[in-house]
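Worksheet: the structure to be examined is printed underneath.
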Amino acid sequence: MMYLQEIYRQLPEIDTERLLLRKIKMNDASDLFEYASQPAVCTFVPWQMHQSIEDSKAFLSLILDGYDQQSKLTWAIELKNSNKMIGTIDFFNWSQKRYKVEIAYVLSPQYWGKGLMAEAANALLSFGFKNMELNKVEASIMLENQQSQRLAEKLGMVREGVARQHMIMKGSFVDMAMYAVLKSEFEPYN
């Protein structure tokens, strides 16, 4: 089992067929800005659309500070054939006592529909269940985000219900579809 301090201290790299999940670096700023400045990406995320490269650098600084404080489990999703960061995938609210974590992800629109996020999330779920001794991985997804809900279902997640006015996003309360997959249900695919 990888203990909290160990995984936070050295975020493991995870290899898939087309992707490398790795630590964020400050020189990812231009790749991040390329997609974080697009309205389509920012519709269903809690953060505001990036207006400048400085916004992207500030966002990366928060993640890098989180690594230093051992409070962030954020992986860059790097496309192996180009070494380009095309998104991020996170585990957050990790509770070792309850053997569960939440997952969140974002991907550049130019890579939508190619199975890349499913590949990244499948690898991260496999890692979590095998190496972190997780029993449950949860995802809260805005009701309007049908694409993300389809991905959760492709990963074997089950919709457990709707949490009404679950969080504030961009100044408004939003309802969230609550998804989860148990270790006993998860079937990784290659």
Side-chain angles (χ1 to χ4, degrees), residues 2 6-38 40-47 50 53 56-57 59-64 66-67 72-94 101-134 136-141 145-157 179-181 183 185-190:
M2 295 190 92
E6 182 182 343
I7 191 169
Y8 279 124
R9 189 170 36 256
Q10 185 55 49
L11 191 74
E13 286 190 350
I14 301 171
D15 254 316
T16 72
E17 182 183 342
R18 299 176 289 174
L19 305 170
L20 175 65
L21 307 184
R22 58 154 175 87
K23 275 183 121 169
I24 295 273
K25 301 178 282 199
M26 188 52 78
N27 64 4
D28 291 322
S30 61
D31 290 342
L32 173 62
F33 181 68
E34 189 176 304
Y35 68 82
S37 61
Q38 296 185 39
V41 172
C42 301
T43 302
F44 302 118
V45 295
W47 38 269
H50 293 194
I53 192 76
S56 296
K57 288 178 179 176
F59 188 87
L60 293 174
S61 288
L62 288 172
I63 294 170
L64 295 173
Y67 290 157
K72 281 279 187 198
L73 295 174
T74 301
W75 283 264
I77 301 171
E78 180 180 296
L79 196 57
K80 283 183 181 178
N81 67 11
S82 65
N83 297 327
K84 181 178 187 65
M85 185 183 90
I86 60 171
T88 59
I89 190 164
D90 298 68
F91 274 160
F92 63 101
N93 292 338
W94 180 17
V101 75
E102 294 181 56
I103 190 170
Y105 38 80
V106 64
L107 187 68
S108 173
Q110 90 182 72
Y111 300 97
W112 290 357
K114 300 178 186 325
L116 291 166
M117 188 53 79
E119 185 175 324
N122 180 67
L124 192 56
L125 290 171
S126 295
F127 174 82
F129 288 128
K130 181 180 177 187
N131 300 88
M132 296 167 64
E133 291 191 0
L134 296 172
K136 185 176 188 179
V137 177
E138 300 172 328
S140 54
I141 303 168
N145 192 346
Q146 297 297 315
Q147 188 176 1
S148 188
Q149 290 181 56
R150 281 192 301 275
L151 173 60
E153 290 163 4
K154 182 176 181 178
L155 294 166
M157 298 184 108
Y179 281 84
V181 62
K183 182 177 184 174
E185 300 167 334
F186 180 66
E187 296 181 22
Y189 59 88
N190 295 330

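Every value quoted in this text rests on a predicted model; they were computed, and no experiment measured them.
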Nearest heavy-atom pair of [X] and [Y]: which atoms, and what distance?
| X | Y | result |
| --- | --- | --- |
| Ala123 | Ile14 | CB-CG2, 3.8 Å |
| Ile24 | Met85 | CD1-SD, 3.9 Å |
| Ile77 | Ala120 | CD1-CB, 4.1 Å |
| Cys42 | Ala36 | SG-O, 3.2 Å |
| Ala152 | Ile141 | CB-CD1, 3.9 Å |

message: A side-chain contact here means heavy atoms from C-beta on lying under 4.5 Å apart; do Phe127 and Leu134 qualify?
response: no

task: Could you tell me whether the side chain of Met157 reaches within less than 4.5 Å of the side chain of Val137, counting heavy atoms only?
output: yes

Which residues pass the side chain to side chain donor-acceptor pair (under 3.5 Å) test with [X], sequence neighbours left out?
| X | value |
| --- | --- |
| Glu102 | Asn93 |
| Asn145 | none |
| Glu119 | Thr16, Arg18 |
| Glu13 | none |

- request: Describe, in one word, how the ring planes of Phe129 and Phe186 are oriented to each other, choosing from parallel (under 30°), tilted (30 to 60°) and perpendicular (over 60°).
  value: tilted

- prompt: So among Tyr35, Phe33, Phe59, which one has a ring-ring contact (aromatic ring centres under 6.0 Å, His included) with His50?
  reply: Phe59

- prompt: For residues 28-38, which residue pairs qualify under salt bridge (charged side-chain N to carboxylate O under 4.0 Å, His left out), counting only residues two or more places apart or in two chains?
  reply: Arg22-Asp28, Asp31-Lys84, Glu34-Lys84

Listed pairs under 3.5 Å, donor-acceptor, residues 104-118 side chains, sequence neighbours left out:
unit_1	atom_1	unit_2	atom_2	d
Tyr105	OH	Ser148	O	3.4
Tyr105	OH	Ser148	OG	3.0
Trp112	NE1	Leu107	O	2.8

